[in-house]
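Step one of this worksheet: look at the structure below.
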Amino acid sequence: MSYIRTTVANGVGEIVLDRPKALNALDQTMIDDLHDVLERWADDDAVETVLVTSASERAFCAGGDIRAIRDNAIAGDAAAVTKYFASEYRVNQMIAEYPKPYVALIDGAAMGGGLGISVHGEIRVVTEKALIAMPETAIGFFPDVGSTYFLPRLPRGVGMWLGLTGARLRGADAVAVGLATHYVPSAELGAVADAIRSGEGLAAALADHRDPVEPTLPLTKIADYFGDTSVDAIIGGLRGAVGDEWATEMLTLLGSASPTSLFVTAKLIELGTTSSLAECLERELSTAERITAHPDFAEGVRAVLVDKDRNPSFTPRTIEEIDPASISEIV
């Protein structure tokens, strides 16, 4: 059974993500199927545009199949872990270099791996129901799927803020910072999708949805507090912001993350500033292989996705206990 459905009509090849019970979390079969379809369509004259949609009303794609990765890591099956991430990152690179317009319609959650199969594409359409995030530090992992390339290229501080805190963005804010290209009200998304499917052309289908979107984000605060590459400096600045409720909220988010993941993430985003996407994905692969063997990964996934008690016991527990040498062994 495949969790993706495909059709080709009017010059449009559509990929429908169809694993609704798992919010379209990408398992190995979905990644392999996506690669095969995209590889075939790249040279198919019947396909002029690729459209990616979801059969779920709740999610575009909630990420990778992290529970399965955890099972493999606990079982010591490093080969399966490497295969998963290598094949996923290969698809991310393929999308970034795709020779035809690649359009993702996001009307629900798009997190982690969901951004890997959307943000690298030419057109990313979001609605008010879109929920964009890279929440990996809470599970003892790090923002991957090429995000260490695209996060440092967002407005000042935004990439570090999203990567460290796992903060959620709604659709309009995703457009404002550049993670999405078009905003369409959810009630109108079906009509836009039908227009694209009809072969009308992307310019015509999206013609009424190019107006600038006003962000609701505190961009000045994000730049001030997260414009650094040092975790210690960022947290120190937030702790010094007495009476700032937003800063307190950010400290709460950071306090629920794996300290090891925070330092790994900051280092990867800093390195990504001057790296190509291919270099970032290669670095992410080696980091993924190492960090999934760290106890924080199994514990973080347990707390968030398995037992769901939201009470992980990370090692070490605080940023003050982090040994820089331990981070250098991972990144």
Side-chain angles (χ1 to χ4, degrees), residues 19 21-31 59 61-89 109 111-116 133-148 162-167 231 252-269 281 283-331:
R19 195 187 179 200
K21 290 184 179 179
L23 301 180
N24 293 335
L26 299 171
D27 68 0
Q28 186 69 59
T29 69
M30 292 175 75
I31 291 169
C61 172
D65 196 350
I66 294 296
R67 292 181 65 159
I69 298 167
R70 176 182 185 266
D71 290 343
N72 288 328
I74 290 175
D77 192 347
V81 173
T82 296
K83 178 184 177 182
Y84 179 89
F85 288 116
S87 55
E88 182 181 25
Y89 300 168
M111 301 184 180
L115 295 186
M134 296 297 294
E136 287 80 5
T137 59
I139 58 168
F141 196 60
F142 65 94
D144 63 334
V145 297
S147 70
T148 61
L162 291 173
L164 294 182
T165 67
V231 173
T252 299
L253 289 175
L254 293 168
S256 65
S258 155
T260 296
S261 291
L262 292 178
F263 280 84
V264 167
T265 297
K267 185 173 180 179
L268 287 170
I269 291 176
L281 288 169
R283 190 181 296 123
E284 288 175 13
L285 179 58
S286 61
T287 303
E289 291 171 331
R290 297 185 186 106
I291 203 168
T292 50
H294 189 283
D296 277 10
F297 177 70
E299 174 61 8
V301 178
R302 178 207 64 77
V304 175
L305 298 175
V306 180
D307 297 336
K308 301 180 181 180
D309 58 24
R310 296 278 173 175
N311 187 32
S313 180
F314 291 130
T315 306
R317 288 180 174 271
T318 68
I319 65 166
E320 288 79 13
E321 297 173 78
I322 289 288
D323 178 1
S326 69
I327 305 304
S328 297
E329 291 173 359
I330 297 173
V331 182

Which donor-acceptor pairs under 3.5 Å do side chains of residues 321-331 form with protein atoms, sequence neighbours excluded?
| from | atom 1 | to | atom 2 | distance (Å) |
| --- | --- | --- | --- | --- |
| Glu321 | OE2 | Thr318 | N | 3.3 |
| Glu321 | OE2 | Thr318 | OG1 | 2.9 |
| Asp323 | OD1 | Ala325 | N | 3.0 |
| Ser326 | OG | Asp323 | O | 2.6 |
| Ser328 | OG | Pro324 | O | 3.4 |

Could you list the donor-acceptor pairs under 3.5 angstrom formed between side-chain atoms of residues 66-80 and any protein atom two or more places apart in sequence or on another chain?
| from | atom 1 | to | atom 2 | distance (Å) |
| --- | --- | --- | --- | --- |
| Arg67 | NH1 | Leu305 | O | 3.1 |
| Arg70 | NE | Ala298 | O | 2.7 |
| Arg70 | NH2 | Ala298 | O | 3.4 |
| Asn72 | ND2 | Ala68 | O | 3.3 |
| Asp77 | OD1 | Ala80 | N | 3.1 |

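Applying the ring pair (Phe, Tyr, Trp, His ring centres under 6.0 Å) test to every pair with at least one member in residues 306-331, sequence neighbours left out, gives no pairs at all. For residues 296-308, every residue pair satisfying the salt bridge (charged side-chain N to carboxylate O under 4.0 Å, His left out) rule, not counting sequence neighbours, is listed here: Glu299-Arg302, Arg302-Asp307, Arg302-Asp309.
Nearest heavy-atom pair across Thr265 and Pro143 is OG1-CD, 3.2 Å. Between Thr137 and Gly163, the shortest heavy-atom distance links the atoms CG2-O, 3.4 Å. Heavy-atom minimum distance, Ala133 versus Gly166: CB-O, 4.0 Å. The nearest pair of heavy atoms linking Ser258 to Gly140 is CB-CA, 3.8 Å. Minimum interatomic distance between Gly64 and Tyr84 (heavy atoms only, all atoms of both residues): CA-OH, 3.2 Å. Scanning both residues, Leu268 and Arg283, for their nearest heavy atoms gives CD2-CD, 3.6 Å.
Put simply, the side chain of Glu88 reaches to within 4.5 Å of the side chain of Asp144, judged on heavy atoms.
A search for side-chain hydrogen bond (donor to acceptor under 3.5 Å, both in side chains) contacts involving Ser313 returns Arg317, not counting sequence neighbours. Residues passing the side-chain hydrogen bond (donor to acceptor under 3.5 Å, both in side chains) test with Ser286, sequence neighbours excluded: none. Looking at residues two or more places apart in sequence or on another chain, you find a ring pair (Phe, Tyr, Trp, His ring centres under 6.0 Å) between Phe141 and Phe85, Phe297. When the side-chain contact (heavy atoms from CB on, under 4.5 Å) test is applied to Val304, the partners found at least two apart in sequence or on another chain are Ile139, Arg310. Here Glu284 pairs with Thr148 under the side-chain hydrogen bond (donor to acceptor under 3.5 Å, both in side chains) rule; sequence neighbours left out. For Arg19, the salt bridge (Lys or Arg N to Asp or Glu O under 4.0 Å) partners two or more places apart in sequence, or in a different chain, are Asp65.
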Check your understanding: Between Glu136 and Ser261, is a side chain to side chain donor-acceptor pair (under 3.5 Å) present by the stated rule, with each step listed?
Key -> CA-CA 8 Å; Glu136 287 80 5; Ser261 291; over 6 Å; no

Point to revise | CA sep, side-chain torsions, deciding dist, call: Thr260, Phe142, side chain to side chain contact (heavy atoms under 4.5 Å, CB included) | key: CA-CA 9 Å; Thr260 296; Phe142 65 94; over 6 Å; no

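Within the model, atoms OG of Ser147 and CD1 of Ile269 stand 6.5 Å from one another, a figure rounded to the nearest 0.5 Å.
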